[in-house]
There are 2 protein chains.
Amino acid sequence: MAWVDEAATTLRGAGYRPGAAGQLVLEHLAAQNCCVGAKEIHDDLRRHGRTVGLASVYRMLDALSEQSLVQRVDVGDGIVRYEPARRSDHHHHLVCARCHGVAELEGCEVDEWLGQAAREHGFTPTGHTLEVTGLCAACQAA
Amino acid sequence: MAWVDEAATTLRGAGYRPGAAGQLVLEHLAAQNCCVGAKEIHDDLRRHGRTVGLASVYRMLDALSEQSLVQRVDVGDGIVRYEPARRSDHHHHLVCARCHGVAELEGCEVDEWLGQAAREHGFTPTGHTLEVTGLCAACQAA
DNA sequence: GTCAGTGCAAAGCTTTTGCAGCGCG
DNA sequence: CGCGCTGCAAAAGCTTTGCACTGAC
């Protein structure tokens with residue numbers, strides 16, 4: 001099932017009924033492969049002629065976040081980013097401590113360990129973020 | 001070597017010379033085992049009669065962050081938290097998507113995989129954060 | 001004497017909240 | 001008809017920046 005559909009269904013199940021604005025945000029998110037900020041989404045939609053309130057973007061992101069349909073990604077530049085939580089395309093991030101640049105790190109080998117460890121705490125995991133801090137190639141050279 | 005000393009040394013090496021305020025922030029951080037926010041640090045120091053500017057706290061955190069001496073922790077409530085990056089006491093977090101509560105998850109089994117994967121990207125890792133999102137026991141029951 | 005760190009105050013930005021309007025059930 | 005999503009505008013924080021001051025080299 002495509003992420004958009006799954007998201008819409010889950011949201012509806014949670015009593016949230018996305019309207020026009022919500023649908024646009026959803027579709028825009030689905031088109032992203034890596035993290036985007038709220039303002040970025042808002043600007044992009046506007047640029048395409050879609051009138052969407054910034055507040056609606058935030059509201060939608062909140063709802064999605066609560067259902068674990070998106071993952072928050074904190075790069076360290078003060079802007080909160082989100083990315084669709086797909087089972088496929090599950091990846092992590094290499095975040096440079098100097099320039100705050102982000103690179104994707106494919107693959108993930110923590111799921112099993114994590115799931116078990118979390119459940120031992122009575123916690124039901126629905127996803128996770130893993131950010132590696134360090135220095136990117138460019139900043140090392142500098 | 002204690003974290004405070006290592007931090008002070010590293011900072012000095014980076015050309016940053018912590019004064020009275022910096023020292024206080026450093027010591028306060030060292031006394032924490034889990035994440036604290038900037039404002040929290042500021043308030044605590046004030047409460048103990050130490051006059052430290054909020055700006056100094058942020059400046060110190062920035063410097064520490066750039067040297068990877070602290071780890072940013074994003075819980076999802078809009079407040080950026082930091083915790084000292086010690087080799088011992090390396091842990092991760094279980095973050096509830098509903099109530100934003102945080103629990104510690106001891107242990108870490110990703111270092112080896114991570115180090116190698118990161119280096120393949122020309123990235124030099126100095127640390128990492130791993131946040132597990134899901135539902136805490138309390139929110140599941142509700 | 002110079003230069004970096006500091007505190008205070010003001011500014012900046014992202015994010016949140018309030019409120020009237022509109023559309024879908 | 002009612003309830004909830006929407007947009008706009010205003011408000012609320014957290015964080016950053018500017019500036020004069022102080023202390024260390």
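Small disclaimer: the values here were computed from a predicted structure and weren't measured. Reminder, nothing fancy here: chain letters follow the sequence lines and each chain counts from 1.
Checking A:Thr10, A:Thr126, A:Thr124 one by one against A:Ser68, the side-chain hydrogen bond (donor to acceptor under 3.5 Å, both in side chains) holds for a single residue, A:Thr126.
Using a cut-off of 4.0 Å between Lys/Arg side-chain N and Asp/Glu carboxylate O, A:Arg87 and A:Glu6 are scored as salt-bridged. The existence of a salt bridge linking B:Arg47 and B:Asp44 is confirmed by a sub-4.0 Å separation between a basic side-chain nitrogen and an acidic carboxylate oxygen.
Counting any heavy atom pair closer than 4.0 Å across all strands shown, B:Arg46 reaches sugar-phosphate atoms only and no base atom. If you check every strand for non-hydrogen atoms under 4.0 Å, A:Gly37 touches nothing. Using a 4.0 Å heavy-atom criterion, one finds that B:Ala21 contacts the sugar-phosphate atoms exclusively.
As a whole-Å value, the separation of B:Glu40 CD from D:dC14 P is 11 Å. For the pair A:Arg81 CZ and C:dC13 C1', the computed distance is 14 Å after rounding to whole Å. Nucleotide C:dT6 holds its C1' atom 12 Å from the CG atom of B:Leu24, rounded to whole Å. B:Arg12 places its CZ atom 17 Å from the C1' atom of C:dC3, with the value rounded to the nearest Å. Atom CG of A:Leu54 is separated from atom C1' of C:dC13 by 11 Å (rounded to the nearest Å). Put simply, CE on A:Met60 is 13 Å from C1' on D:dG4, counting in whole angstrom units. The distance between atom CZ of A:Arg50 and atom C1' of D:dC5, rounded to the nearest whole Å, is 17 Å. Taking atom CD1 of residue A:Ile79 and atom P of nucleotide D:dC14, one finds them 18 Å apart after rounding to whole Å.
When the nucleotides C:dT15, D:dG7, D:dT17 are ranked by their closest atom to the side chain of A:Val52, D:dG7 comes out on top. Minimum atom distance to the side chain of B:Thr51 is reached by C:dG7, of the listed C:dG7, D:dT6, C:dG5. Set against C:dT16, D:dC14, C:dG5, the side chain of A:Asp62 has C:dT16 as its closest nucleotide. Closest contact between the side chain of A:Lys39 and the listed nucleotides D:dT6, C:dT14, C:dA9 involves C:dT14.
Positionally, the nearest nucleotide of DNA chain D for B:Ala38 lies more toward the 5' end than for the other of B:Arg17 and B:Ala38.
Within a 6.0 Å sphere centred on CZ of B:Arg50, other residues, nucleotides and ligands contribute 12 heavy atoms or fewer.
A:His90 and A:His128 have their aromatic ring centers within a separation under 6.0 angstrom.
Residue side chain B:Arg59 reaches the base of C:dG7 through a donor-acceptor N/O pair under 3.5 Å, judged by distance alone.
Checking the phosphate oxygens (OP1, OP2) of D:dT15, a side-chain nitrogen or oxygen of B:Tyr58 falls inside 4.0 Å. Between A:Ser56 and D:dG7 there is a side-chain polar atom (N or O) within less than 4.0 angstrom of OP1 or OP2.
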